[in-house]
Amino acid sequence: MSIVYDDLDDPSVEKETHEARQHRLRWVVLGVLALAQLMVVLDATIVNIALPHAQESLGFGNEDRQWIVTAYALSFGSLLLLGGRLSDLWGRRTTFIAGLIGFAVMSAIGGAAVNFEMLVAARAGQGIFGALLAPAALSLLTTTFTDPSERGKAFGIFGAIAGGGGALGLLLGGMLTEWADWRWCLYVNLVIAAIALVGAVLFLGPHKADHRPKLDLPGVALASSGLFSIVYGFSNAESNGWGDWATITWLVAGAALLAAFVWWQSRAEHALLPLRVITDRTRAGSYLVVFIAGIGMFGIFLFLTYYLQQNLGFSPIRTGLAFLPMIGMLVVTATTSTGVLLPRFGPRWLMAAGMFIAAGGMLLLTQITATSSYASHVLPALLIMGVGIGASMAPAMQGAISGVSSEDAGVASATVNTMQQVGGSVGTALLSTIAASSAATFVSGHASLATDPAQLAQLAAVHSYTTAFWVAAAVFAVGGLIAALLVRSGKLPVAPEGAAAMAH
């Protein structure tokens, strides 16, 4: 892909200047991109802890509470592929800056919400601009770091944020809610976005592509409506069960729309998601590992948060702090695996081992009881899962966009985020439903404890958590098998010639 530079008479001189400056400032650019990624990932969980306070402030019912979370997931998950393609068409830098500004504006509106409807609309708006921001950030990362060893370190840091940002959101949400006000769980994005925006304007090169294929509008409609239906169907299953007619209808419709999308992509002249992106074995395996990691991680955050607060009596802040050892281990493992191990051994066995290690950590959590302690039962499992997720998530993110051509970089990056987001939605609904069913079965099977309702409720809750952890362990194990069987041996594929000249 050729690059256009309109501001000087000699494009080659300008190109060299921008490339030299971009290379010199590459670690600063990584900081900017990491901040943006952190903001997007934080918002999937930071509001959760603030929900009871927001509910009291705005006066909405328990049946409406899930929409504060679902509105963000729906818009973000369903529009990611469009956002990725727009970054290919408009240029990564332009899309990144537009996403930052829009996300900040929507966060301000949400923080100032005077009623339930205003807050839900703002959360949906955050998801829309997050769908622009996330793919642009990941594709900018690939164009900024061209040296394989440095790219490994950069992806390690980026992957650690993607893997641990949800837990950090729980901590930050607890701190802001307890020490300030629930509205600061949204206002904090203004600070993060402002820093990232200054960095983007100062340090990202103003490059643009001169070749802009037409947007695949039928593909956009099919993909967005299909992903919306899938995410909504799983969200409905979480609240109304798998047998509910709406759950079945939305999931069937989503599957049909996505099947039609795949059929159309094989025929469209300017495909939204060219099938060459997902038919490569290494990329396909990487996408599936990201999807499965999304399912499993939500199992950790969701049920372990309940256990720590409701059974061990942790405060919101202490709950967030309890996850920090896992984040620390995840960061160390992610940077080591991508910077040292991935260039030598390739992604196949690294991702497989990471998934199996994470499954082992989940198995440890299945042993918790109503009287377990954090230090002896929870902490060892968190440390093991930090190693497993770090060893699999960061290499998977790099593998998912390895070898793609310049014009496909944005949509390949968007597919990574889509897999993680949809995986989280699937995980939340699947594990919540299994846990609720398990708790009900436990109560009906232990009628002798009915004379002590508090004890029965506590034991049923712990049983539901351990059941969910068993399922999450199985999910991680399946991820390990997929990585071992599907991903090719050897090093990551190299991008086609000319991909190094990607438009920023």
Side-chain angles (χ1 to χ4, degrees), residues 34-58 65-77 99-100 102-113 118-131 133-134 137 160-196 235 294 297-298 300-306 308-309 314-324 326-327 330 417 420-421 424-425 427-428:
L35 262 182
Q37 176 70 9
L38 179 63
M39 184 174 67
V40 171
V41 176
L42 279 177
D43 264 68
T45 58
I46 192 172
V47 175
N48 292 18
I49 287 180
L51 277 178
H53 299 268
Q55 186 176 355
E56 183 181 349
S57 174
L58 301 181
R65 191 165 59 186
Q66 66 157 330
W67 284 105
I68 308 300
V69 177
T70 304
Y72 181 80
L74 283 174
S75 56
F76 186 56
L100 273 177
F103 201 98
V105 169
M106 289 300 163
S107 298
I109 293 172
M118 184 174 174
L119 180 57
V120 170
R123 289 286 288 164
Q126 282 183 309
I128 291 170
F129 286 103
L133 187 58
I161 289 172
L168 202 57
L170 295 174
L171 171 59
L172 190 56
M175 293 170 63
L176 292 171
T177 302
E178 198 165 313
W179 292 343
D181 184 78
W182 70 268
R183 297 179 185 275
W184 276 99
C185 291
L186 292 159
Y187 285 145
V188 69
N189 291 326
L190 298 177
V191 179
I192 299 174
I195 297 171
S235 298
M297 281 192 297
F298 271 76
I300 303 168
F301 299 149
L302 185 65
F303 297 104
L304 204 48
T305 297
Y306 290 158
L308 292 173
Q309 291 190 8
F314 282 27
S315 67
I317 293 178
R318 194 178 174 194
T319 300
L321 290 171
F323 284 103
L324 284 185
M326 187 191 84
I327 297 175
L330 195 154
N417 289 282
Q420 186 178 13
Q421 181 64 31
S425 298
T428 302

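Every heavy atom of this structure was used, including side-chain atoms; hydrogens, water molecules and symmetry mates were not.
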Closest contact, heavy atoms only, [X] versus [Y]:
X: Gly127; Y: Ser75; value: CA-OG, 3.2 Å
X: Val40; Y: Gly130; value: CG2-CA, 4.4 Å
X: Ser57; Y: Trp182; value: CB-NE1, 3.4 Å

[X] side chain near [Y] side chain, heavy-atom distance below 4.5 Å:
X: Ile128; Y: Met106; result: no
X: Leu119; Y: Ile109; result: no
X: Ile192; Y: Leu42; result: yes
X: Ile68; Y: Gln55; result: no
X: Leu186; Y: Ile46; result: no
X: Phe323; Y: Leu171; result: no
X: Ile317; Y: Trp179; result: yes
X: Gln37; Y: Asn417; result: yes

Using 0.5 Å steps for rounding, measure from the [atom1] atom of [X] to the [atom2] atom of [Y].
X: Phe103; Y: Leu190; atom1: CZ; atom2: CG; result: 10.5 Å
X: Met326; Y: Met297; atom1: CE; atom2: CE; result: 8.0 Å
X: Arg183; Y: Ser107; atom1: CZ; atom2: OG; result: 13.5 Å
X: Leu74; Y: Trp67; atom1: CG; atom2: CH2; result: 6.0 Å
X: Gln421; Y: Tyr72; atom1: CD; atom2: OH; result: 7.0 Å

Steps toward side chain to side chain contact (heavy atoms under 4.5 Å, CB included) verdict (Met118, Leu58):
CA-CA 10 Å; Met118 184 174 174; Leu58 301 181; over 6 Å; no
Out of Asp43, Leu172, Thr177, which one pairs with Cys185 under the side-chain contact (heavy atoms from CB on, under 4.5 Å) rule?
Thr177
What's the verdict on side chain to side chain contact (heavy atoms under 4.5 Å, CB included) for Leu324 and Leu168, showing C-alpha distance, side-chain angles and the deciding distance?
CA-CA 8 Å; Leu324 284 185; Leu168 202 57; 4.2 Å; yes
What is the ring orientation for Tyr187 with Trp184, classed by angle as parallel under 30°, tilted 30 to 60°, or perpendicular over 60°?
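The arrangement is perpendicular - the two ring planes meet at more than 60°.
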